[in-house]
Protein chains: 2
Amino acid sequence: MVDREFFLGFIKIHILYHATEGPIFGLGMAEELARHGYRLGPGTLYPTLHRLEKEGYLESHPKVVGGKVRRYYTITEKGKVALEEARKKIRELVAEVMEEK
Amino acid sequence: MVDREFFLGFIKIHILYHATEGPIFGLGMAEELARHGYRLGPGTLYPTLHRLEKEGYLESHPKVVGGKVRRYYTITEKGKVALEEARKKIRELVAEVMEEK
DNA sequence: TAGGATAATATCGCAATACAATATCGGGAA
DNA sequence: TTCCCGATATTGTATTGCGATATTATCCTA
């Protein structure tokens, strides 16, 4: 398995993306990421969400679902801009490093 | 301009890629990255190269060019495997977050 | 109704990373 | 010699990553 340091940014971009598709909450996001092969413990996930919110990419509010309090995150305008920027960089990365064929 | 935390992994993947195309050295790589809009100071670049080498993705040897010592890096087998893994993850990322069309 | 399992988020403490600034090093030019 | 330039290295601080642990509230079941 290849070092995480290459992919932490990918994970954050996934998070931004999922937050555009609809409100996300921590554990649900962890499951989503696991489907892509990214295993993320709570000690990484939650601080990351907090930071993305603090930096203005996401905003959140708590909601009670099935008796449990979940903190749902949605993307902000700044977050959308960041995601667009990320898509540009992904295109560049693809153009550069992917074998055509 | 969007936060670096999203793109540090991209930069490392670029570095691996360029190291497959031929030997690279620090300053030359910095210029290459600048072409993609990534500005990387020496305090980030060199420790990153050292770490990629220490972890076995790259190997290096010094060479005198025009009187100046350059440290050239080439990719290792492990580095090639990592790059392939990265390509897979990039494909997944594209499939997930890029608007089709 | 007490106890335990479960869902979910939060935080602590240490290690690893990022990075601006600064240092170093050798050669060429004046 | 002295200064500049190309190039790499290191230092000190701040930030980030992350395993482990804590916390909180509800549901289930005996």
Side-chain angles (χ1 to χ4, degrees), chain A residues 1-16 18-19 22-34 37-74 82 89, chain B residues 1-16 18-19 23-34 37-74 82:
Chain A
M1 206 8 170
V2 163
D3 203 305
R4 279 286 272 287
E5 73 180 303
F6 294 105
F7 303 121
L8 284 171
F10 286 31
I11 290 174
K12 290 174 192 170
I13 293 169
H14 264 288
I15 291 174
L16 287 190
H18 284 292
I24 57 168
F25 69 100
L27 257 197
M29 192 66 221
E31 285 161 18
E32 190 65 45
L33 289 171
Y38 301 115
R39 297 189 324 290
L40 207 46
T44 303
L45 178 61
Y46 291 107
T48 295
L49 290 173
H50 298 166
R51 201 168 46 254
L52 290 176
E53 177 165 33
K54 181 159 145 259
E55 288 163 356
Y57 300 111
L58 299 176
E59 58 189 12
S60 76
H61 63 276
K63 196 182 168 195
V64 176
V65 177
K68 303 291 156 44
V69 177
R70 291 176 180 176
R71 179 163 290 272
Y72 275 97
Y73 291 85
T74 50
K89 294 284 191 200
Chain B
M1 202 14 168
V2 165
D3 203 307
R4 279 287 274 287
E5 74 180 303
F6 294 105
F7 303 122
L8 285 171
F10 286 32
I11 291 175
K12 290 173 193 170
I13 293 169
H14 265 289
I15 290 174
L16 287 190
H18 284 290
I24 57 168
F25 68 101
L27 259 196
M29 192 65 222
E31 285 160 18
E32 191 63 45
L33 289 171
Y38 302 114
R39 295 188 325 289
L40 208 45
T44 304
L45 177 63
Y46 291 108
T48 296
L49 289 173
H50 297 166
R51 202 167 45 254
L52 290 177
E53 178 166 31
K54 182 158 142 263
E55 288 164 355
Y57 301 111
L58 300 176
E59 59 189 11
S60 76
H61 61 276
K63 195 181 168 194
V64 177
V65 177
K68 304 291 158 43
V69 177
R70 291 177 181 174
R71 179 163 292 271
Y72 276 98
Y73 291 85
T74 49

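Here is the naming used below: chain letters follow the sequence lines, and residue numbers restart at 1 for every chain. Fair warning: this is a prediction, and the values are worked out from it, not measured in the lab.
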Between atom [atom1] in [X] and atom [atom2] in [N], what is the gap in whole Å?
{"X": "A:Leu49", "N": "D:dT16", "atom1": "CG", "atom2": "P", "result": "14 Å"}
{"X": "B:Leu58", "N": "D:dT8", "atom1": "CG", "atom2": "P", "result": "13 Å"}
{"X": "B:Phe6", "N": "D:dT15", "atom1": "CZ", "atom2": "P", "result": "17 Å"}
{"X": "B:Lys54", "N": "C:dA16", "atom1": "NZ", "atom2": "P", "result": "8 Å"}
{"X": "A:Phe25", "N": "D:dT24", "atom1": "CZ", "atom2": "C1'", "result": "16 Å"}
{"X": "A:Arg39", "N": "D:dG19", "atom1": "CZ", "atom2": "C1'", "result": "13 Å"}
{"X": "A:Arg71", "N": "C:dA7", "atom1": "CZ", "atom2": "C1'", "result": "16 Å"}
{"X": "B:Ile11", "N": "C:dT17", "atom1": "CD1", "atom2": "C1'", "result": "13 Å"}

Give a yes or no answer on whether the side chain of B:Thr44 reaches the backbone of B:Leu40 with a donor-acceptor pair at less than 3.5 Å.
no

Side chain to side chain, B:Phe10 and A:Phe10, heavy atoms closer than 4.5 Å:
yes

Please state whether the rings of A:Phe7 and A:Tyr38 are parallel, tilted or perpendicular, taking 30° and 60° as the class boundaries.
tilted

Taking the inter-plane angle between the rings of B:His18 and B:His14 on a 0 to 90° scale, is it parallel (under 30°), tilted (30 to 60°) or perpendicular (over 60°)?
parallel

Residue pair A:Arg71, A:Tyr73: steps toward the side-chain hydrogen bond (donor to acceptor under 3.5 Å, both in side chains) verdict
CA-CA 7 Å; A:Arg71 179 163 290 272; A:Tyr73 291 85; 4.8 Å; no

Does the protein touch nucleotides 18-30 of chain C at the base, only the backbone, or not at all? Give it as B, S and - per nucleotide, heavy atoms under 4.0 Å.
SBBB----BS---

Are any of B:Tyr46's side-chain N or O atoms less than 4.0 Å away from OP1 or OP2 of D:dA9?
no

